[in-house]
Number of protein chains: 12
Amino acid sequence: MKNHIYKHIELTGTSTLTIEDAVANALKRANKTVKRLCWFQVLETRGNIDKGKVHHWQVPLKIGSAIDD
Amino acid sequence: MKNHIYKHIELTGTSTLTIEDAVANALKRANKTVKRLCWFQVLETRGNIDKGKVHHWQVPLKIGSAIDD
Amino acid sequence: MKNHIYKHIELTGTSTLTIEDAVANALKRANKTVKRLCWFQVLETRGNIDKGKVHHWQVPLKIGSAIDD
Amino acid sequence: MKNHIYKHIELTGTSTLTIEDAVANALKRANKTVKRLCWFQVLETRGNIDKGKVHHWQVPLKIGSAIDD
Amino acid sequence: MKNHIYKHIELTGTSTLTIEDAVANALKRANKTVKRLCWFQVLETRGNIDKGKVHHWQVPLKIGSAIDD
Amino acid sequence: MKNHIYKHIELTGTSTLTIEDAVANALKRANKTVKRLCWFQVLETRGNIDKGKVHHWQVPLKIGSAIDD
Amino acid sequence: MKNHIYKHIELTGTSTLTIEDAVANALKRANKTVKRLCWFQVLETRGNIDKGKVHHWQVPLKIGSAIDD
Amino acid sequence: MKNHIYKHIELTGTSTLTIEDAVANALKRANKTVKRLCWFQVLETRGNIDKGKVHHWQVPLKIGSAIDD
Amino acid sequence: MKNHIYKHIELTGTSTLTIEDAVANALKRANKTVKRLCWFQVLETRGNIDKGKVHHWQVPLKIGSAIDD
Amino acid sequence: MKNHIYKHIELTGTSTLTIEDAVANALKRANKTVKRLCWFQVLETRGNIDKGKVHHWQVPLKIGSAIDD
Amino acid sequence: MKNHIYKHIELTGTSTLTIEDAVANALKRANKTVKRLCWFQVLETRGNIDKGKVHHWQVPLKIGSAIDD
Amino acid sequence: MKNHIYKHIELTGTSTLTIEDAVANALKRANKTVKRLCWFQVLETRGNIDKGKVHHWQVPLKIGSAIDD
């Protein structure tokens, strides 16, 4: 039986809209250069503030992709 | 004065839509079999990926319910 | 070169709608009394439950503001 | 040689008196429905406040009980 | 429906007697200058030692108070 | 698309042999009363000692099982 | 100006009575063999259970003592 | 015997020079508005980068000050 | 004197056999593309379950390799 | 009723073979100089690498021993 | 409005001199192969010892760099 | 092949000058009574304050030394 190996990378996605959109932006970017993305984990949820409102949501992610043995 | 006791359970809710919807799905399910749900706490936010997009948000929760002394 | 100093405060924002709205409510309140808000960090995501549904999202935040040296 | 298995549950005990009494209340309640309680671990110590005094101590516990193999 | 906001402060209470008394001392002091105290959380339990006995219990607390929106 | 819900339980498995055997013992026991076990996570690795040797490996686990929505 | 050095040891104190008494028992014991005890920090609060009641409180401590440079 | 109370605040000090200087800058600023500063604890050590070199060290601190009972 | 620099990568190794074999599989794979592997650290021990037994051990690792200055 | 006191020490055991063997080596060594060893807890699992294979497993342990009151 | 993405890498910098110098060495090395370095975070501070003195400071860092969307 | 064993001790070094000097002071002291010191890890960085300035840096360390098997 084949034993898979997964490689982890970390990215911070950002968005002016929602936490979910910041995650989507990071995954879209990872998908351009990394094959076979499998799972992600939100490491933190933070952001910067402009005029008393969220300016950008900043969401650091750990992302796992399957690599060939 | 009565001293309440709370019981904690852990569930992972999932959703293709949002983090909030994954939480709602877990609470809806807990509510079928557990009485007097009081509070929840998100333990982690993660998910799986399909074609570079979030496939399912996976949100493990700790949920507290009041139980009779 | 000027060395900035940042002061941190902690607030819990709440909302019946979304996590993002709970954050926005906390920042709106902080902005009434604190100048030059810069960044925030979500410390936890939790809430209370009514009839098996999220009643209020409760989102404790650490918020940083620049202060004069 | 027999290998024991332990099951863990989580309860929050409360008391208007002391931390120790909150723990005792949780154990007394667990003892009504769970057999062979063995150990507990305090997860957190918190409470609510009324008129500047502790109203209820709230003490979440992890409790272990031996179960038959 | 009104969305409450809570402000958090941190104090260390001390006492020569018990952990509970150290908490009570910190809350009594907070109550002099902060309105509408709601909850507290013990962050740590420590102390200093004199002649092989506890001299002062030192109990850092996070305390939450409701603030007007 | 169906959104799965997972329930988490915690058990400590023990073994005089290996960490892997302690995990296997806990899963075997869980499998008697819980359907559709999916995943586990080792929370800690510990044990008791007899005559300078490991007597029992004690391995607390979090175990997830799929439950019907 | 003299720079002090502190040595840390770890003990678990136990008591059938209270958390405070378990700490006192550990300090009393440390004081027999270690000079100039200065401070302690509670690492965890746990215990074993007999007939649904706390049998022994078990309180692991880190204890600091001043040593000569 | 008097039981002291300590209030905690959090600041981030910055410096282009060293970690120690970032701490000193934060304490100097705190000392302008807070009386009887007693202790500090470094929460994190971080910074921003310009042309491959540290631009500013950023050192978040928790600072304790004695307040009257 | 030369100051070494180490680069860290994260992989999850899997195995149907043991924790040690999952680690070995991850290192074997890393060794195909990364030179001068030096150390590793197990970040977590988990796995999936099939018919009440461990199907695959999943062991996320942080791996350090020396890189030229 | 007698209140036991436990002293904790920390050792790192190593082995070229398995995690279990590294633990056994540390306990064997502790047993030469410390009486009445009772329990251990694995703090971390790590190792060094030679030619793409585990060279030594390194397993830091906390070990508890009963001491006379 | 553009949403930035940041990639994180981890390096350990070393130095015989200071913590700051170990960080500088890691950043200098990262700057050779990674564009647009933005921030870093110290993960740990450690080192090896020779003849009772620090031989090398070892400072693992997480480093963030902006990448094109 | 020989399997080394390492013993860990914990000290807090202090200095009026720098973090590095506080570490050096602790190692110098450890070297008087412990043979074959190998590595150290900074556990925390803190200090006390006098007149708005750092009075003593206080740096708790874990120190590892090789012991004979």
Side-chain angles (χ1 to χ4, degrees), chain I, chain J:
Chain I
M1 188 185 311
K2 192 162 167 50
N3 296 316
H4 293 290
I5 308 281
Y6 301 87
K7 183 169 167 52
H8 309 186
I9 61 169
E10 275 190 30
L11 296 182
T12 292
T14 67
S15 165
T16 55
L17 303 176
T18 61
I19 298 169
E20 284 86 349
D21 193 49
V23 172
N25 288 338
L27 295 186
K28 190 169 59 178
R29 179 61 182 80
N31 196 42
K32 288 185 183 175
T33 48
V34 182
K35 288 182 209 158
R36 299 166 66 197
L37 301 176
C38 297
W39 54 266
F40 67 94
Q41 177 183 15
V42 172
L43 299 177
E44 217 183 344
T45 304
R46 49 193 308 151
N48 53 16
I49 305 174
D50 187 45
K51 303 197 180 88
K53 296 191 179 169
V54 177
H55 187 56
H56 273 97
W57 294 91
Q58 301 166 332
V59 185
L61 299 178
K62 187 173 290 194
I63 303 173
S65 61
I67 58 178
D68 296 331
D69 194 10
Chain J
M1 186 184 312
K2 191 161 170 49
N3 296 317
H4 294 290
I5 309 279
Y6 301 88
K7 183 167 168 53
H8 309 184
I9 60 168
E10 275 190 32
L11 295 182
T12 292
T14 67
S15 164
T16 55
L17 303 176
T18 62
I19 298 168
E20 284 85 349
D21 193 49
V23 172
N25 287 339
L27 296 185
K28 190 171 57 178
R29 178 61 182 78
N31 196 44
K32 288 185 184 177
T33 49
V34 183
K35 290 184 207 155
R36 298 165 69 194
L37 301 176
C38 295
W39 54 266
F40 67 94
Q41 178 182 12
V42 172
L43 299 178
E44 218 181 343
T45 304
R46 50 193 306 152
N48 52 17
I49 306 174
D50 186 46
K51 304 199 179 88
K53 297 192 177 168
V54 176
H55 186 57
H56 274 96
W57 293 90
Q58 303 166 329
V59 185
L61 299 178
K62 188 174 288 194
I63 303 173
S65 61
I67 58 178
D68 296 331
D69 195 7

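If you're wondering where the values come from, they're calculated on a predicted model, not measured in any experiment. Computed over heavy atoms, backbone and side chain alike; hydrogens, waters and symmetry mates excluded. First the proteins, then the strands, lettered A, B, ... as listed; each starts at 1.
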Seminar exercise, completed: Residues passing the side-chain contact (heavy atoms from CB on, under 4.5 Å) test with I:N48, sequence neighbours excluded, are I:H55, I:H56, I:Q58

Seminar exercise, completed: Highest number of heavy-atom pairs under 4.5 Å with chain J among I:V23, I:T18, I:L27 belongs to I:L27

Seminar exercise, completed: Within residues 34-41 of chain I, the residues sitting under 4.5 Å from chain J by heavy atom, in sequence order, are I:L37, I:C38, I:W39, I:F40, I:Q41

For this session: Please list, chain by chain and in numerical order, all residues satisfying side-chain contact (heavy atoms from CB on, under 4.5 Å) with J:S15, sequence neighbours excluded.
Result: J:L17, J:D21, J:A22, J:N25

Problem set entry | Side-chain heavy atoms of J:I49 within contact of I:N31, under 4.5 Å | no

Problem set entry | Listed once per pair and sorted, the salt bridge (charged side-chain N to carboxylate O under 4.0 Å, His left out) pairs that draw on residues 42-53 of chain I, sequence neighbours left out | I:E44-I:R46

For this session: Sort I:L61 into side chain, backbone, both or neither according to what part of it lies under 4.5 angstrom from a heavy atom of chain J.
Result: neither

